[in-house]
2 protein chains.
Amino acid sequence: MATIYEVSERAGVSLATVSRVINKTVPVRESTRIKVEAAMRELGYRPNSVAQSLASNRSNSIGIVVSELGGPFYGELLSRIENEFRAVGKHVIIAAGHSNAELERDSIEFLQSRNCDALILHVESVDDKYLEDLAATGLPFVLINRMVPSIAEHCITLDNEQGGFLATEHLLQLGHRDIAYISGPLWKHDAEERYTGHQSALASYGIEEDKTLFYEGDFQETGGEQGLAHLLAQGKKFTALVCANDEMAAGAITAAHEADLAIPEQLAVIGFDNINFSHYTYPKLTTIDYPVAEIGEMAARWVLKRVYQRPIDDLEVLFAPQLIVRDST
Amino acid sequence: MATIYEVSERAGVSLATVSRVINKTVPVRESTRIKVEAAMRELGYRPNSVAQSLASNRSNSIGIVVSELGGPFYGELLSRIENEFRAVGKHVIIAAGHSNAELERDSIEFLQSRNCDALILHVESVDDKYLEDLAATGLPFVLINRMVPSIAEHCITLDNEQGGFLATEHLLQLGHRDIAYISGPLWKHDAEERYTGHQSALASYGIEEDKTLFYEGDFQETGGEQGLAHLLAQGKKFTALVCANDEMAAGAITAAHEADLAIPEQLAVIGFDNINFSHYTYPKLTTIDYPVAEIGEMAARWVLKRVYQRPIDDLEVLFAPQLIVRDST
DNA sequence: TTGTATGCGTTATCAT
DNA sequence: ATGATAACGCATACAA
């Protein structure tokens, strides 16, 4: 690879001048700029962004940490964020945290050591303290789907509790009174908040929660299957089921089919997230919309505004979930 | 962030020695190593990987280009690759190509300029010449899902033609003779190969292809819906439908439901890829398995072997598709 | 407007 | 086994 030095030689100018035409930081005489550009083209010169980054302490790249690279939810999120940045010539570096505190820290530190200008984090396992300390280092970052009050200005969240409320309220309005619940892992903030929403919806209808109709799943499809199987095996009656995300709902629907339960006639099912494939199910899944796209965009805009000084005014930080009624309830 | 220099000061050794305990490149006396490690811990030192990369011309990171970050297919692929590398302390940098030649080149060049040790490419738009030139630069890279004969040693592929053959053959064996086909964009290699497989299956049964039963879709769900709608609108009879991927198949199933066509009784539908959510459909989708996980792992192992000199012997390069029979045929 | 010189945080090649 | 010191490719303050 040609270096800036070779370009300067070929163009007959100094290395600094080449740097100037690359970065357009100060005016360069038209004629010399043309010479330099020609030299760059002839040598097929590409700036070495590692060296740029080291010298300028800027990398034009944004680090992202998500739990998993796979899965419909994160894919959509990543896709949106990448789109926003690509449009302005920034690049994203993506790492996975695997819902594991150590790996999450690892990924964050890697991205830091890569000189990322900012981080967008969807982390579940590191504790609040760690994030507070991270904020104290001065590294700009956005926290998605998690509210840490002491660093609220870093947080972009969905009102998960409200979402949980909406889901159960919907079933209550349809007349259901015996409502089972398959939760995500309760150590995850969003899982807990959604469950809280469920409980307050029940309470608002004066219904006492039957703890035997609760199952703690894993946010995965198989968790939904096992959950419904478990609930059915208990022999308790329930006419509706809330699942804390769509993937578990899909699993539950499979289990319901296997148990010859008609949906929604014998069992109404509602999910959460409104992932891309939630309408693949039969019947099509009623769910709570998680505006991933908007949240991804907003996170990107946060960075553009705070880190790259782009003129952006409206920065929403709390998003509202929305009920999507389809055929499963 | 603390630098290696500050560590050396605190430990009372030279900067070079610190570098040695970090990289374990040459023996260091036990006692000094302990001092250095203590200093690193006390200062919370983390190597600046940008500087490491510049100095060593090695980055311990692997660049990946895929068409889209979203979507079940790529998510799974990325996830597998990341897993393989994480296990050995390497990191991945991911960029999207968006099925656009310019963006694909852009992404590749960005990754090159980030000093990636190797690239894993799933690119569809850049031409063979570009890839040949890239190979000529000496940059190690693996090409996934695309065979460029002149650089065959870089390619890991699925036999798409064979897959297309299997899909149609399956329908033929079930007695279908009037088989419609919804293809991917034919400029994409895999779409074309799958279609070729379809044609040769027909030929092997002595059936002449009816071009009016062909629709060129976009590999997206909506393309499948529109495709089936278009095919039905023609008024021609067909009892089975091959879709070149699962997402279009899901769309077609939706369209079939809307047209009150019973699946598989009135219309058998088969997809391709066996994406995670292909069994969400009702009825569950029969499809051709694309071994993404294995291919991702193999790509990672290719890199580990050729770039990082890990002792790995079995390197498969041509994978076989497999028929997965479910309920839609 | 352009050139010179220094530093960014490491690795690696010499010595010692 | 350890210490100087020169790269690595570029940005940038300072001079000219």
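Chain naming here is simple, since letters A, B, ... match the order of the sequence lines and numbering starts at 1 in each.
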Compare side-chain N and O positions of [X] against OP1 and OP2 of [N] and report whether any pair is under 4.0 Å apart.
X	N	answer
B/S56	C/dT10	no
A/T32	C/dT2	yes
A/R29	C/dT2	yes
A/S14	C/dG3	yes
B/Y45	C/dT10	yes
A/T17	C/dT2	no

If you take the centroid of each ring, where Trp contributes its six-membered ring, are B/Y290 and B/F319 closer together than 6.0 Å? no

Could you check whether B/H91 and B/F85 have their ring centres less than 6.0 Å apart? no

Under 4.0 angstrom, heavy atoms only, what part of the nucleic acid is [X] near: base, sugar-phosphate, or nothing?
X	result
A/V13	sugar-phosphate
A/N23	sugar-phosphate
A/R33	nothing
B/R20	base

Nearest heavy atoms of B/L77 and B/V66, plus distance in Å: CD2-CG1, 4.3 Å

Both A/L15 and A/V28 contact DNA chain C. Taking the nearest nucleotide for each, which residue is further toward the 5' end? A/V28

What nucleotide among D/dA11, C/dT11, C/dT10 has an atom nearest to a side-chain atom of B/S19? C/dT11

Quick note, A/L54 side chain, CB onward, closest among C/dA12, C/dT2, D/dG9 is D/dG9

Tell me, do B/P311 and B/K305 make a side-chain contact under 4.5 Å, heavy atoms counted? no

Length of the line joining [X]:[atom1] and [N]:[atom2], which is rounded to integer Å:
X	N	atom1	atom2	answer
B/N48	C/dG7	CG	C1'	14 Å
A/Q52	D/dT12	CD	P	10 Å
A/N57	C/dG9	CG	P	7 Å
A/I4	D/dC8	CD1	C1'	13 Å
A/I22	D/dG9	CD1	P	14 Å
B/Y5	C/dG7	OH	C1'	14 Å
A/R114	C/dT10	CZ	P	13 Å
A/N115	C/dG9	CG	C1'	10 Å

Whether A/E109 and A/R105 form a salt bridge (side-chain N of Lys/Arg under 4.0 Å from carboxylate O of Asp/Glu) is what I want to check. no

Are there over 12 heavy-atom neighbours, none belonging to A/E102, within less than 6.0 Å of that residue's CD? no

Between B/G12 and B/A51, the residue closer to the 5' end of DNA chain D by nearest nucleotide is B/G12

